[in-house]
Amino acid sequence: MSMAQHAEPAVGTTPPASGPKDTDGRTARRPLALRLLARPEVGVFLGAAAVLVFFLVVAPSVRQGSSMATVLYQSSTIGIMALPVALLMIGGEFDLSSGVAVISSALTASMLSYQLTLNVWTGVIVALAVSLAIGFFNGWMVVKTGLPSFLITLGTFLILQGVNLAVTKLVTGNVATDDISDMDGFNQARKVFASSFDVGGVQVKITVVWWLVFAALATWVLLRTRYGNWIFAVGGNKESARAVGVPVTFTKISLFMLVGFGAWFVGMHNLFSFNTVQSGEGIGNELIYIAAAVIGGCLLTGGAGSAIGPVFGAFMFGMVNQGIVYAGWNPDWFKAFLGVMLLGAVLINLWVQRTATRR
Amino acid sequence: MDRSSPSRFRRTAPFVAVAAAAALTLAGCASAHGGKKAEEAAQNASAGKANTPRMTVALVTHQAPGDTFWDTVRKGAEAAAAKDNIKLVYSSDPNAGNQANLVQNAIDQKVDGIAVTLAKPDAMKSVIGKAQQAGIPVVGLNSGLSDWKQLGLLSFFGQDESVAGEAFGDKLNTTGAKKIVCVIQEQGNVGLTQRCDGVRKTFKGTTETLYVNGTDMPSVRSTITAKLKQDNSIDTVVTLGAPFALTAAQSVGDAGSKAKVATFDLNKDLVKAVQNGSVEFAVDQQPYLQGYLAVDALWLYKNNGNYSGGGVQPVLTGPAFVDKSNVDKVAEFAAKGTR
């Protein structure tokens, strides 16, 4: 692995390679340990490890394999969305509509299949088109107007929230969709999006596998492809990126569409895991995705970050969330515990970064 | 600048996807099971219509968007409005200050009656006073059992959450439950807390509380699973809303636990779950009845001067239990989304 992940000014059309080291005397060689610690994902890795060890000690039931499967399940449904959200943030934008977009996608698939009595795969495919279109709309608006993505996606967030509710009510007469579990294609789709499999007597959810596959894919794209370089470039400095020939518009819009893809995937998981969808769900989850990305070392200002960092960020969130329950602490304090542990983990992350990069 | 190929891609991609979907649709990918076609058997009942002069009633609740429970309340209110020749104006906001503004809005519209929920009675006090000064009759429903009389409302329709919780606890005693976990989907909601407190009061075994994030079902599922694994002596999961009961039943499977699931409130999928035994029982406060009676009471007051409950006692709509013994009777109504 190269250090190209830090690629602040790495604007170019070739993949960042570990090629000839430029030793012009400005950067002294530093010990391997320190260089390793300076990578954006190491802080969060240590934070996540600290949280894991902490709960292994205080909560005996965490030590079972099946408990870890539960933690990983929660982490994966956050993590699958945290990945494209992180890439988008590296590209210098963010998306407040991602939480409700998950529900929009699930509602689309469910209602289309049910109302027209179609094979559910038709709904799944149309939902993908709708999700990508939402992402395209966000990206296109941001690029064309030049307004902050905060404003644009706040608008989309509200629009989707209202549309989710109103259309569901209009179409089904209720605020939740109808049960589609007895329809053709459902069992197949459930295998893809919401099944589980056995690992040494422990039931692991398929979303965990998808999460890790997507993370590996995102890491490869970010570090080894020209497109990955474009993402760092448009997030670092849009104008100079454009000047050296990076297709800024394409990169930004495609990143928003990638978030749409993630929303579709998690939406399909929700649908095939729970058979029906309530139209009011999803609100507030966008902040959890963003939090997982930021804890994972993505800068709120863009231009830096990794794909593996958000994996640990999502794991940390899932671990703390479930760990508090496994530990059996007084649940009235649940949210406060959650906040304190996350802040603590982020501080470890920050401290590691500062120590490592100090000259 | 290399813009031509990506921009062509982004222009065509959505169309390709839509076209593919359309092709699939036309290619006869119809489902042989379930779907709308299977549902089209059941149809609405319709009562006659009153020939009294048209009046306007505002129903102002603290509903959060997209909640199946409140949708049923609204359907009841709409049914009564249709029957009584009433124009129903529905509005809602979970924030008490905003809800008070919505009541003010109804007063400004000079409606003939207001039905209101009192989730946070103190915040509603002054605006209800204004409605009364303006000569608009006000009835309460759902929340506010301990405050409606003091605020001078005509009548109240609803369930005492504590009483319902207590009845729930009694019922649990008959099932032989020893240790339960009460799952609250919204931390800090007074009515939900009262339910769990009521259960704790009469239930003879141990009661624990668990908070979950109600807007994220995968999170609800894994949190309940975690709790069942942390404490394998839990033999019953109590949820406070129908969708959460269905998810809890999945958590029980995930955790490899033998715990049963019982819940407050109903919807049509929950009725099926009671029929197939994955949920033991549900306590039903009959939200349809709350909406219906509140609107109908305003009509009766205007046209015949009646006070439901004599203006002294609340009219209780729950707790009615739905379990294996009576679920089939409820099922046909639940399929229409009115139970």
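Bear in mind the structure is a predicted one, so any value in this text is a computation, not a measurement.
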**Message:** Taking the six-membered ring for Trp, are A/Phe272 and A/Phe186 closer than 6.0 Å centroid to centroid?
**Reply:**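 Here the rings of A/Phe186 and A/Phe272 have centres that are less than 6.0 Å from each other.
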Below 4.5 Å from any heavy atom of chain B, which atoms of [X] appear? Answer side chain, backbone, both or neither.
X        : value
A/Ser279 : both
A/Gln203 : neither
A/Asn174 : both
A/Lys335 : both
A/Tyr73  : side chain
A/Thr276 : side chain
A/Ile180 : neither
A/Ser273 : both

May I ask you to decide whether B/Glu208 forms a salt bridge with B/Lys179, counting only side-chain N to carboxylate O separations under 4.0 Å?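 Salt bridge between B/Glu208 and B/Lys179, a charged N being under 4.0 Å from a carboxylate O: yes.
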Do the charged groups of B/Asp71 and B/Lys75 touch, with an N to O distance under 4.0 Å?
->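 Salt bridge present between B/Asp71 and B/Lys75.
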Exercise for the section: Give the ring-plane orientation class for A/Trp140 versus A/Phe136, where under 30° counts as parallel, over 60° as perpendicular and anything between as tilted. Expected result: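 The rings of A/Trp140 and A/Phe136 lie parallel, inter-plane angle below 30°.
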Donor-acceptor pair, side chain of [X] and main chain of [Y], under 3.5 angstrom:
X        : Y        : answer
B/Thr215 : A/Ile283 : yes
B/Thr338 : B/Phe333 : yes
A/Thr172 : A/Lys169 : no
B/Thr72  : B/Arg339 : no

key: Part of B/Asn213 lying under 4.5 Å from any heavy atom of chain A   =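 Answer is side chain: those atoms of B/Asn213 sit under 4.5 Å from chain A.
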Toward chain A, the part of B/Asp254 with a non-hydrogen atom under 4.5 Å =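 The side chain, not the backbone.
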Subject >> Top of A/Gly185, A/Gly284, A/Gly280 for chain B proximity - count of heavy-atom pairs under 4.5 angstrom >> reply: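 The candidate making the most pairs under 4.5 Å is A/Gly280.
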Quiz prompt | Choice from A/Gly99, A/Gly282, A/Ala176 maximising heavy atom contacts with chain B below 4.5 Å | solution =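 Top option by heavy-atom pairs under 4.5 Å: A/Gly282.
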